Amino acid sequence: MADSVDRVFVHALNTVKKIPKTGASRPPPSDRLRLYGLYKQAMEGDVDGVMEQPTAGPGLTAEELQRERDKWDAWNSQRGITRTEAKRRYVEALIETMHRYATTSDASELVTELEFVWNQIKHNSSSSTGSSPKAGGSTGALRQFQQPMSGSDGPMRILSPMSEQDEAELRSQRQMDLEDEAEVESARSNRWQRKMERAITKLSAEIAALREQITTGREWKSKKARSYPAWVSWLAWLVLRHLVIDSVILAIVLLWLRKRKDRRLEDLVRVALKIIREYVRNVLPSR
């Protein structure tokens, strides 16, 4: 049942990606935060140890801080439920929300398709539960059947010549044996198919989680780059780089002029250094 819920959950995520193209009305913030909390709980579990509660800091406005706190509260409100249960609630909440705000025909088709898939999963789980005892009963009946031994008394006596009824029963038994072998082969094939579907579903969910983490990291780097300390660091690096470049150029020019025995620029530099040294000596307190 968990694999079926995973498949419908991935289908729901694909449906959410298609909603903006349909022109449907956007749900209010309360509904969007509810879906966000269920999505994060389904993908990463409890918020503890994954994301700290947002606090005021440099580079964050009051509006951005409140928005981050709302997201954290929405995620934290789903604490304690399993990922599978969070996926079930996400699908049901998405269907309910889309029914209220799917104002276009394209959006209505999306929610109808998602609801149909979800109902199929629920119906399959109930029908498989109800039909399993019957299957077990028929298998038990087959295992209790014993082939009679020739020339001895057993559960069934072989008549010679064989009657038409016994011959029909023998043919029926052979047919059931063949069908049983076919069911075993089909079960093996279905088991392999379920493993492949489970692996694909898990890979899709991990890719969606990775995409979400990359988006969050980019947003955080962008906010950090716009902060005040980042601007100060950039300005200090710019000034230091220009000082180093100017010093290298000045040293090259002085060497070239000295080679030509022209000491005018060198004298000017010495005078400037002397003035700077005297200024520093007068400004800094004497030890």
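No experiment lies behind these values; they were computed from the predicted model shown. Below, each value reflects all heavy atoms present in this structure, side chains not excepted, and no hydrogens, waters or symmetry copies.
- A salt bridge links D262 with R264; the closest basic N to acidic carboxylate O contact falls under 4.0 Å.
- Although no hydrogens or angles enter the test, the distance criterion places no donor-acceptor pair under 3.5 Å between the side chain of Q41 and the main chain of T82.
- In this structure, the side chain of D31 does not engage the main chain of P27 through any donor-acceptor pair within 3.5 Å.
- Within the structure, the ring pair (Phe, Tyr, Trp, His ring centres under 6.0 Å) test picks out no pair touching residues 37-79 (sequence neighbours left out).
- Ion pairing between a basic and an acidic side chain is recognised when a charged N comes within 4.0 Å of a carboxylate O; E96 and R34 show such pairing.
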For residues 47-62, please give each side-chain donor-acceptor pair under 3.5 Å, one per line with the distance, not counting sequence neighbours.
{"from": "D48", "atom 1": "OD1", "to": "R79", "atom 2": "NH2", "distance (Å)": "3.2"}
{"from": "T61", "atom 1": "OG1", "to": "E64", "atom 2": "N", "distance (Å)": "3.3"}

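- When only modelled atom types and interatomic distance are considered, D70 and Q66 share a side-chain donor-acceptor pair under 3.5 Å.
- Think of I214 as one node in a network of Ile, Leu, Val, Met, Phe, Trp and Tyr side chains linked at under 4.5 Å; its network also takes in L210.
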Validation: residues 271-278 side-chain donor-acceptor distances under 3.5 Å, sequence neighbours left out:
none

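- Judged by distance alone, the side chains of S4 and R7 do bring a donor and an acceptor atom under 3.5 Å apart.
- For the atom pair CE of M43 and CZ of R211, the computed distance is 9.5 Å after rounding to the nearest 0.5 Å.
- Put simply, the side chain of E113 does not reach to within 4.5 Å of the side chain of E109, judged on heavy atoms.
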Return a table of donor-acceptor pairs under 3.5 angstrom between the side chains of residues 8-16 and protein atoms on other chains or two or more places apart.
{"from": "N14", "atom 1": "ND2", "to": "V10", "atom 2": "O", "distance (Å)": "3.3"}
{"from": "T15", "atom 1": "OG1", "to": "H11", "atom 2": "O", "distance (Å)": "2.9"}

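- In this view, Q78 satisfies the side chain to side chain donor-acceptor pair (under 3.5 Å) rule with no residue, not counting sequence neighbours.
- Judged by distance alone, the side chain of D6 and the main-chain N or O of K202 form no donor-acceptor pair under 3.5 Å.
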